[in-house]
Protein chains: 2
Amino acid sequence: MTLRMTRQRAAVTELLDDIDDFRSAQQLHELLRGRGDAVGLATVYRTMQALADAGEVDVLRSADGESRYRRCRERGHHHHLVCRSCGATVELAADVVERWARQVGADYGFADIDHTAELTGICSACAARQRSAAEAAR
Amino acid sequence: MTLRMTRQRAAVTELLDDIDDFRSAQQLHELLRGRGDAVGLATVYRTMQALADAGEVDVLRSADGESRYRRCRERGHHHHLVCRSCGATVELAADVVERWARQVGADYGFADIDHTAELTGICSACAARQRSAAEAAR
DNA sequence: CCCCTCTTTGAGAATGGTTCCCATGTCAAC
DNA sequence: GTTGACATGGGAACCATTCTCAAAGAGGGG
């Protein structure tokens, strides 16, 4: 049950400190290799799963079914606003959503309500980039 | 571009009429086989994808990464409250959530905001069933 | 009603993310 | 140090989904 500190786990948590977007296990594996901190792919998967279970990282499933991980500032429950173009991520506290979930659960007699809520969009930087690209093509 | 009416597509849409929970392509395939309306698995996948693209069915990804499909009463955008135990599903209109999504998008300068929001819980029937099971075990 | 064409089907192979297996490595308590 | 439980990694296994392609069939025009 005790988590041991190994070279591999240290490398992964260090890497997570330097990254601010959601990344897949395979991307993290590549990035580690690029840094010279080679870690087996299976170990990356295991480590991310452990961190997720411990609430140390948040997991999001992308549209193509890949799990992406990110170490968030906010330790407790929160939601995300992610740019579909560059991956920039904003953490959101959303009392409205929590209240809505509780209320709806009560209305329909459901117990032990859990919820997911995620937003995606195009951040202002990417929107600007796309506008100038469109002009250049004209 | 014209969708042809085939025995297989008819069988799938008929089946969907008789089902009220979210089911995976593989489950649908099994159910069709059980009815005697044998349809190839690949065809079930293709059909469900087409129906999803056409907005005829809703898709939910379960925790283990499977896609589950359901023909909903409400044709437009809505959310779901699903029982984790029996799969019973309630369709939800949620203006609060739509407003929240739009507002947050505006606050952070994100354009073209999209959102997902789903609730899960234990429906009252399943809660009662679990209570009596617990008593029986005592 | 019959063709002919173009879509659809289905069985099995291919794909790709993730997990499992297990022999070997390594942390850390005593 | 010694030891034993935990961790690692490479490749095989898994499994949902998609692809391939030859054969079947829908349906409009004649």
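Proteins come first, then strands; the chains are lettered A, B, ... in the order of their sequence lines, and each starts at number 1.
- Between A/Arg71 and A/Asp17 a salt bridge is recorded (basic side-chain N to carboxylate O distance below 4.0 Å).
- If you take CD of A/Gln49 and P of C/dG17, they are 17 Å apart, rounded to a whole angstrom.
- Of the side-chain N and O atoms in B/Tyr45, none sit less than 4.0 angstrom from OP1 or OP2 of D/dT18.
- Distance, A/Gln27 CD to C/dT18 C1': 15 Å, rounded to whole Å.
- In this structure, B/Glu30 atom CD and D/dA16 atom C1' are separated by 15 Å, rounded to whole Å.
- For A/Arg4 against D/dA5, a side-chain N or O and a base N or O form a donor-acceptor pair under 3.5 Å.
- In terms of position along DNA chain D, the nucleotide closest to B/Arg68 lies nearer the 5' end than the nucleotide closest to the other residue of the pair B/Met5 and B/Arg68.
- Distances shorter than 4.0 Å separate none of the side-chain N or O atoms of B/Arg7 from OP1 or OP2 on D/dG25.
- Separating the CG atom of B/Leu41 from the P atom of D/dT20 is a distance of 17 Å, rounded to the nearest angstrom.
- The distance between atom CD of A/Glu66 and atom C1' of C/dT19, rounded to the nearest whole Å, is 15 Å.
- A salt bridge is defined here as a Lys NZ or Arg NE, NH1 or NH2 lying under 4.0 Å from an Asp or Glu carboxylate O, and B/Asp20 with B/Arg73 meets this definition.
- A donor-acceptor contact under 3.5 Å is formed by the side chain of B/Arg46 with the base of C/dG10.
- Salt-bridge formation is detected for the pair B/Asp112/A/Arg84: a Lys NZ or Arg NE/NH1/NH2 atom is positioned less than 4.0 Å from an Asp or Glu carboxylate oxygen.
- For the 3.5 Å distance criterion, the side chains of B/Gln103 and B/Asp107 qualify, holding a donor opposite an acceptor.
- Between A/Ala42 and B/Arg61, the residue whose closest nucleotide on DNA chain D is further toward the 5' end is A/Ala42.
- Side-chain N/O atoms of B/Gln8 include none lying less than 4.0 angstrom from OP1 or OP2 on C/dT8.
- Summarising the geometry, the separation between CZ on A/Arg9 and C1' on C/dT26 is reported as 12 Å, rounded to the nearest angstrom.
- Dashed line: the shortest gap from a side-chain N or O of A/Ser67 to OP1 or OP2 of C/dT18 is under 4.0 Å.
- With respect to B/Glu14 and B/Arg7, no salt bridge is recorded, no charged nitrogen being found less than 4.0 Å from a carboxylate O.
- Taking side-chain N and O atoms only, A/Thr6 has a distance below 4.0 Å to OP1 or OP2 of D/dT8.
- With rounding to whole Å, A/Leu3 atom CG is found 14 Å from C/dA29 atom P.
- In this entry the distance linking CG of A/Asp64 with P of C/dG16 reads 11 Å, nearest Å.
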